Amino acid sequence: MEIIFQLLDCDYIQLNGSPVIRLFGKTKDGKTVCGFLKNYFPYFYVIPKGDLKENLKNFSQLIVKIEETEKFLPIGFQSKKTKLTKITVSDPSRVPEIRDWIKDRNLAEEIFEADILFKYRFMADFNIFGMRWYKISGHNINTTTVRAEKNIEVEKIEEVSDSDIAPLKYLSIDIEVAAGETLPDPKKDPIAMISLSFSPQFEGRESLVLVAKPIKMKDAIGFRSEKEMLEEFVKIIEKFDPDVITGYNINNFDLPYIAERLRQCKINLAIGRCAYKPMATRKITQKFRNSITGRIIADVYEIIKEVTEKGQAKIFKLKRYGLGDVAKEVLNESKLDLMRSEITKYWDGTEEQIQKLVEYCRKDSVLALRLLLEKSLLDKFIEIARITGLLLQDVLESGETARIENILIREFNKQDYVLPLKPTSKEILLRKEEREAKGLKGALVLEPEIGLHKNIVYLDFKAMYPSIFIAFNICPTTLLIGNGNENLEFITTPSGAKFVSKNVREGIIPKIVRHLINERDRIKKAMSIAANEYERKILDAKQDALKIVANSFYGQTGYVRSRLYVLDIANAITSCGRSLIQQTKKIVESDPRFKVIYGDTDSIMVKTPSDDLDKIFEFGKEIEEKVNSALKGIVQMKIDSIFKTLLILSKKRYAGLKVEKLNGQYQEKVIMRGIETVRRDWCDLSSETLMNVIEIILKEGNSKKAFDYVRNVLQDLEKGNIPLEKLVITKSISKSLKEYKGVQPHIELWKKLRKRSPATAPGIGDRIAFVIIKGPQLMSERAEDPEYVKAHGLKIDSRYYIESQILPPLERVFEALKISKSELLGIGKQVVLTDIVEKARKNELSSGLIDKFICSKCNQIYRRVPLSGKCECGGNIIFYSTIA
DNA sequence: TAATGGTAGGGGAGGAAAACGGTCGCCTAT
DNA sequence: TATTGATAGGCGACCGTATTCCTCCCCTAC
């Protein structure tokens, strides 16, 4: 019997004292498969002290084999292999125990690879990668432990080259709990309803809501109790048998909540493809991790956060990540609006209200699923799995370390090297101290020429750090430590570190990275001739994944928790980078026609002496060739873009009018980097105003027009014509309350929100939205929840917005243009003044509109003007209206 | 077999430190 | 010529205010 499937999950069970590997997958025609593989055991290596067999006799019944072997040690260039002892064990779960026993009794000089997850030990040895396709041969077996259509005992397994994705089944989940104003407690508050959304359809349905009340409505089922509802939920999962379970924030809310309710109702938690393994929920400092055997949990909330915050955010960029905000931005679809506290009211309300709640709940699961599918959010992660070998689930929930280590273990072992253990907390501390003392210097940012420029060509190095790894053969395995190898051919980096040259031995990381870069080039070529949009999209995800993985290696060398942390290597790489960018600047400027006006890490911006776009492009080509021939075999430079106009404000902050040739026609596009328009901690009004001003300047160079525009915005603001939404500022909560030392607006508001309603207050990692209201306190204490402001009719501090949100970014722009900022400041003052005069003229003063007086400096409010004419703080008293 | 990539750099807010300015008392020269 | 009083001016201490610097924090570029 032979079958070809895509590998979705892998785990092991312990059967009769030996491990059995299970491979879960799906075939092209949608059949579920589970392959079982026996006779594979976990092992690790040690450099022993004394008689290891004797020392390990306590574990004799666990130990399968102890044998002598020879391997290269991982850190520092090794001219020959070292004698090691390989210990093979019968139970993966007890490896840590034996390892720690050896460590604690100091029975070994060093231990290697005793902390590789068993499934990954297996996958590395069999060269198996998550989400790739495999052909297994073997015989059918009958089992009730696994819920798969085909269960096969594997005799042979081989990879099948295929870039397709199996027809996966998706289930999106959202639950509602009626717990009033308090935080729902899974130990006592029952689930009111569960909405399910399916792809493909399930029994002719797109979605279904299970309700713990005996209601009757379309695409919903009512139950007499929560327990009955949950039993049906488990049944549906089994029947539909999804490969991917998704939803919005399911990892931190819905899934752990469901798990606890199942426990409370004494329902079996084995909702995965193994009939005995319950779904697992572990709490790891603030966050939950969930796993369901044979299925993949993909939390759309977490994915969106990752792609927008860590990636280059090609798809979208948001200030907040509520499902409503995301759906509106991405799908242009609004979420049904229902306040948290209203859920209980509706749930206890009329039939009609319950139906409304059902639709609200349904919409959430539908939206999450649409986001996942319509935006192909999984594609990139699937490709990362295929490249690194991790299972898709682990790509989704772990960081770069796991990805890199999984590539390393494979390549190290292939070349007869052993991989070090992860550092202990003591080692981590030592490394931190080392880094503190020696320092890890980063990249070089060239001093910018601030101001407005024309005719700029922007060039950058292709994959700079990966190229440096290759060019200088940088790797822990090629690093020369100490003496004794002076006769070997080596390369010295500007930081002084020495690496044996490729002729002696190619480093492992250089080899991996070289492969990744070449592969990416190949994919990019294939992309340009892709047969259809579907194929192109997958190739694009793949090339993006290759880039991400190739760029991750550098970070690991300087990361104290990494297996391959070597500070000298991290410093070697950055030192090469700094040197290269400086050399490049010199090479370019050796031609008097060109001037490098800015550069950051791996890029340069060059001013050229022509107004003609084609000519600038030619200049770019010329520079490209010159640099490439000078730095041949090290790095490659390429034109990234041409800027017709470019406004540089400071390091890492600029805006430019990029021109691109599309079908023979030049297209213009405004690019902004680092400035407030791309930052999420400024209000929309601020971003928009700045964006428009910059656009006017870049496209028309007309600062008078920009001024007039600003004046209008300020007047609108003073008159209160700006919708509150545009004044909302968001900032994220990065740590727990007690860790904050200083006073900050969003943190002060956080304190207030927690007091008002512990149930709905945001948590660590969330973004908090606020506006600044009028009042005498510190600005930080005047941050208020926009909803609260609306509900209580509080007044916005327009002065704050003018002086601290709108004007400063604009001042910086005009300053770079050498337009005096007092002129701009004048506009601000003028507006405040004209507005008062305007009101007076309209006779609004006497109509009671102005009923109070406020200090212009500290915002203290007076009913009558103090006799002194000055505020207690010394500032001037001006008119103040609560109606404005 | 618990998990967590890096540095460079701008900029806002708050608070501490240092600088400034005014007043007062004291002293001295005229 | 010696003494006395008024007065201007210098100086340091003191205190409150305006600046500057530093730290913390967030977010971005690469």
Side-chain angles (χ1 to χ4, degrees), chain A residues 12 42 44 89 91-100 113-121 282-287 289 309-310 312-313 317 394 397-405 421-422 428 435 439-446 448 460-461 464-465 548-549 551-562 564-565 567 570-571 573-574 577-578 581 598-603 649-654 672-682 729-735 739-748 767 778-781 783 800 804-805 808-809 812 873-874:
Chain A
Y12 76 92
F44 60 97
V89 178
D91 185 350
S93 70
R94 299 191 62 185
V95 169
E97 193 185 326
I98 302 173
R99 174 193 68 206
D100 294 342
E113 301 186 8
D115 54 358
I116 311 286
L117 283 169
F118 183 55
K119 62 185 177 189
Y120 285 121
R121 161 61 71 208
R282 302 171 280 154
K283 192 165 189 187
I284 300 165
T285 57
Q286 306 291 334
K287 287 213 147 119
R289 283 284 158 76
E309 285 183 2
K310 291 202 168 175
Q312 290 300 97
K317 184 162 184 163
D394 294 325
E397 73 183 26
S398 44
E400 289 187 338
T401 312
R403 298 175 187 177
I404 298 305
E405 285 183 353
L421 294 178
K422 282 184 194 158
I428 291 170
R435 206 168 64 181
L440 171 47
K441 245 183 125 183
L444 180 68
V445 184
L446 299 179
D460 64 358
F461 289 123
M464 188 200 220
Y465 285 176
I548 291 169
V549 175
N551 279 328
S552 300
F553 282 86
Y554 154 70
Q556 290 299 307
T557 64
Y559 177 47
V560 290
R561 292 177 143 82
S562 158
L564 285 191
Y565 165 88
L567 190 59
N571 267 318
I573 293 189
T574 55
R578 290 192 298 273
I581 199 75
Y598 180 55
D600 184 345
T601 313
D602 63 349
S603 67
L649 298 184
S650 65
K651 284 179 173 180
K652 298 193 186 281
R653 292 160 57 84
Y654 60 85
M672 308 218 182
R673 291 285 117 91
I675 49 187
E676 289 75 4
T677 51
V678 301
R679 293 184 63 96
R680 288 172 305 169
D681 49 358
W682 291 80
I729 301 163
T730 69
K731 269 199 167 87
S732 41
I733 301 170
S734 64
K735 50 194 174 188
E739 283 173 278
Y740 278 100
K741 288 176 191 161
V743 180
Q744 284 187 93
H746 65 303
I747 301 305
E748 293 306 304
R767 295 191 70 82
L778 274 178
M779 172 263 183
S780 288
E781 284 155 21
Y800 165 80
S804 299
Q805 282 280 320
R812 284 188 281 271
C873 80

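In what follows, chains carry the letters A, B, and so on, assigned in the order in which the sequence lines appear, proteins first and then strands, with residues in each chain numbered from 1. Here the structure is a predicted model, which is why all the values come from computation and not from measurement.
When atom types are taken as modelled, the side chain of A/Arg435 and the backbone of A/Gly558 share a donor-acceptor pair closer than 3.5 angstrom. Distance alone, capped at 3.5 Å, places no donor-acceptor pair between the A/Ser732 side chain and the A/Ser734 backbone. No donor-acceptor pair under 3.5 Å is formed between the side chain of A/Asp460 and the backbone N or O of A/Thr601. Between the side chain of A/Tyr800 and the main chain of A/Gln805, no donor-acceptor pair closer than 3.5 Å is present.
Within 4.0 Å of A/Pro745, counting heavy atoms only, lies no atom of the nucleic acid at all. The residue A/Val95 sits close to a base: some heavy atom pair falls under 4.0 Å. Using a 4.0 Å heavy-atom cutoff across all strands shown, A/Lys287 reaches no nucleic acid atom at all. Contact annotation for A/Arg653: backbone-only contact, meaning every heavy-atom pair under 4.0 Å involves sugar-phosphate atoms and none involves a base. Base engagement by A/Gly555 is indicated by at least one non-hydrogen atom pair under 4.0 Å involving a base atom. At a threshold of 4.0 angstrom between heavy atoms, the contacts of A/Asp115 include nucleobase atoms, whether or not backbone atoms are also involved. Residue contacts for A/Leu778: at a heavy-atom cut-off of 4.0 Å it reaches the sugar-phosphate backbone alone, with no base atom in range. If you check every strand for non-hydrogen atoms under 4.0 Å, A/Tyr465 touches nothing. Contact annotation for A/Tyr800: backbone-only contact, meaning every heavy-atom pair under 4.0 Å involves sugar-phosphate atoms and none involves a base. No engagement by A/Ser93 is indicated, since no non-hydrogen atom pair under 4.0 Å with the nucleic acid exists. Residue contacts for A/Lys731: at a heavy-atom cut-off of 4.0 Å it reaches the sugar-phosphate backbone alone, with no base atom in range. In this structure, A/Leu440 reaches the sugar-phosphate backbone alone: every heavy-atom distance under 4.0 Å involves primed, P, OP1 or OP2 atoms, never a base. A/Lys422 comes within 4.0 angstrom of sugar-phosphate atoms only, judged by non-hydrogen atoms across all strands, and of no base. The residue A/Arg673 sits close only to the backbone: its heavy atoms come under 4.0 Å of sugar-phosphate atoms, none of a base.
Between the axis at the start and the axis at the end of the helix from B/dA19-C/dT17 to B/dT30-C/dA6 there is an angle of 0°, using five pairs per end and rounding to 10 degrees.
Rounded to the nearest 0.5 angstrom, A/Thr557 OG1 and A/Leu564 CG are separated by 9.0 Å. With values rounded to the nearest 0.5 angstrom, A/Leu421 atom CG is found 8.0 Å from A/Ile116 atom CD1. Separation of atoms CG (A/Asp681) and NZ (A/Lys731) is listed at 5.0 Å; rounding is to 0.5 Å. Distance check: A/Ile675 CD1 to A/Leu649 CG gives 6.0 Å after rounding to the nearest 0.5 Å. A distance of 3.5 Å separates OG1 of A/Thr730 from CZ of A/Arg767, quoted to the nearest 0.5 Å.
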Between protein and nucleotides 19-24 of chain C, what N or O pairs are separated by less than 3.5 Å?
none

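Put simply, the side chain of A/Thr574 reaches to within 4.5 Å of the side chain of A/Tyr465, judged on heavy atoms.
Residues A/Asp115 and A/Arg99 are not paired through a salt bridge, judged by the lack of any N-O separation under 4.0 Å between the basic side chain and the carboxylate. By the 4.0 Å N-to-carboxylate-O rule, A/Asp394 lies close enough to A/Lys119 to be salt-bridged with it.
OP1 or OP2 of C/dT28 lies within a sub-4.0 Å distance of a side-chain N or O belonging to A/Arg680.
Here chain A contacts DNA chain B (any atom closer than 4.0 Å to a heavy atom, that is under 4.0 Å), and the contacts span B/dT1 to B/dG15 from 5' to 3'.
Remark: the separation of the C1' atoms in B/dA2 and C/dC30 is 31 Å, to the nearest Å.
Look at CG on A/Asp681: it is 9 Å from C1' on C/dT28, rounded to the nearest Å.
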